[in-house]
Asks: 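Sharing a structure below in structure tokens format, with a few things to ask.
Just so we're on the same page: letters track the sequence lines, and every chain starts at 1.
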2 protein chains.
Amino acid sequence: MNQSHESRTPPIVSVDVVLLTLVEQVLHAVLLRRAQAPFAGVWALPGGYIHTNEDADAQASAARVLREKVGIAGAYLEQLATFSGPARDPRGWSVAIAYCALLPVQQLPAEHADISVIPVTALPQLPFDHRAIVDAALERVRNKSLYSSLPVHLCGERFTLPQLQQVYESILGEPLNKVSFRRKMDEMELLQAVPGAMHSGGAHRPAQLYRVKPAFRQTLALAPRGL
Amino acid sequence: MNQSHESRTPPIVSVDVVLLTLVEQVLHAVLLRRAQAPFAGVWALPGGYIHTNEDADAQASAARVLREKVGIAGAYLEQLATFSGPARDPRGWSVAIAYCALLPVQQLPAEHADISVIPVTALPQLPFDHRAIVDAALERVRNKSLYSSLPVHLCGERFTLPQLQQVYESILGEPLNKVSFRRKMDEMELLQAVPGAMHSGGAHRPAQLYRVKPAFRQTLALAPRGL
DNA sequence: AAAATAGTGTCTCTGAGACATTATTAA
DNA sequence: TTAATAATGTCTCAGAGACACTATTTT
């Protein structure tokens, strides 16, 4: 241990979560009003310190933040990237381990004074480098939706293939070929039909309801040659 | 600030680098003999603390580690993932921001008592969770080689197309179709021929030498539909 | 000339998208 | 019966790989 290390201040470490959901076919992010300085009262990403006395790893910290500060459990969660530097936080040199979370909108708590669900295209100015973190999350989600089952985590437990295709199209921002989409879903062996369960949504043929196979509840399925 | 936060020990933060190179068509990782406890004298990934008084971000810390501890500069460097938990380091709850680095073998310093270049299939037992970090790096490199120009960072400044194809094949562990490979390289618009420069390697037609276009010296080129 | 590898032309087959047709419901 | 959407069959076209042929060097 040399002197320069002894005298160096360690960085501040925290986790931040970009919690995304789909409301009326538009991607929304969940923001919390900050309770404490810096930026008290400002809308920001849910985040917090690692509790070294209770968290099994940083992902557990992120799950705890979602549970304690947003009031949700069971969201799909994956590590996004780690943001760092002397300027991103006024308290000093800091490290933020960023996570991306997906949840069907039905499982979100009601909005109230300190929680807000906002279209990602209409986010207010965010403190720290939270805007960059959100952008990284959006890029990741859109990219992974091109070749994986990621978007199923924005659907409820049961959904129809037309609904799922709509979710993919909303994320990707472009229409998809119905036949190809179904072929790919088939190849991924991701879904199982719920026997006898149909979704009657109007004056037309009802659609088969599907659920994600248990094996893929936590893992993603990949399409070998993309979407 | 509540009491439980005040009393919680913050995690230890460091950066670790998986520095990969290609020796005789086999991927090798660079290991350093640890100078200090814990695991003093044991071969491990290059790593170190963030110097908050001089590093612009964690990636700069990783570049500094490569410069100061391995003696190299200019390697391709990208963030891999962040590893964390109470058990990975005997000193306590820790966070390691892991980076993946690629360098042509010619630019590595000579091996000596405290630096070693070892085939990734023949690594010794590594301390901390360094084995998992290496595995993550290998998965990342192999995956990105399927659809990007990542492997060019393992070639020197000038190289032939057959040499580059060989590098891809070594990383991916499978032969590639020559015509398709060249079509893809062409589509990526990644390379420029060095006028008049040929590589005469034996009793056969010499090969055109290429270099990476300046625009892609730091950025990756992507093949829209993969390799 | 022969051997060896570089580089290119072209055919074939796979697979993704376009289009069309059938199925099933409510009004 | 009509309108609306679900679900599927099938044709077409693009792109990746296989193969073959030409080009250029050393021995």
Asks: For nucleotides 18-27 of chain D, read 5' to 3', which letter fits each nucleotide if B means a protein heavy atom sits under 4.0 Å from the base, S means only the sugar-phosphate is that close, and - means neither?
Replies: BB---BBBB-
Asks: Measure CD/B:Glu174 against C1'/D:dA16 and give the value in whole Å, please.
Replies: 14 Å
Asks: Quick one: does A:His28's side chain have a donor or acceptor within less than 3.5 Å of a partner on A:Val117's backbone?
Replies: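 No: the side chain of A:His28 does not pair with the backbone of A:Val117.
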Asks: Do the non-hydrogen side-chain atoms of A:Ser148 and A:Leu222 ever get within less than 4.5 Å of each other?
Replies: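 In contact.
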Asks: Is atom CD of B:Glu139 surrounded by more than 12 heavy atoms (other residues, nucleotides or ligands) closer than 6.0 Å?
Replies: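 No - once you tally the heavy atoms of other residues, nucleotides and ligands closer than 6.0 Å, there are 12 at most.
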Asks: Between C:dT8, D:dA7, C:dG15, which one does the side chain of A:Arg225 approach most closely?
Replies: C:dG15
Asks: Provide, to the nearest angstrom, the distance between the CD atom belonging to A:Gln163 and the P atom belonging to D:dA7.
Replies: 10 Å
Asks: Tell me: NZ of B:Lys184 to C1' of C:dG7, nearest whole Å?
Replies: 19 Å
Asks: Please name all residues satisfying side-chain contact (heavy atoms from CB on, under 4.5 Å) with B:Ser200, sequence neighbours left out, ordered by chain then number.
Replies: B:Pro206
Asks: Find the distance A:Leu161:CG to D:dT8:P and express it as a whole number of Å.
Replies: 9 Å
Asks: In whole angstrom, give the distance that lies between atom CD of B:Gln166 and atom C1' of C:dT5.
Replies: 13 Å
Asks: Quick one: which of A:Tyr147, A:Phe181, A:Phe159 gives a ring pair (Phe, Tyr, Trp, His ring centres under 6.0 Å) with A:Tyr168?
Replies: A:Phe181
Asks: What is the distance, to the nearest angstrom, from the CE atom on B:Met185 to the P atom on C:dG7?
Replies: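 In whole Å, C:dG7 P lies 14 Å from B:Met185 CE.
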Asks: Given atom OH of A:Tyr147 and atom P of C:dA16, what is their separation to the nearest angstrom?
Replies: 17 Å
Asks: Looking at B:Gln166 and B:Gln25, would you say the former's side chain and the latter's main chain have a donor-acceptor pair under 3.5 Å?
Replies: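 No: the side chain of B:Gln166 does not pair with the backbone of B:Gln25.
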Asks: Using atom CZ of A:Arg182 as one end and atom P of D:dG9 as the other, report the distance to the nearest whole Å.
Replies: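 Atom CZ in A:Arg182 sits about 12 Å away from atom P in D:dG9.
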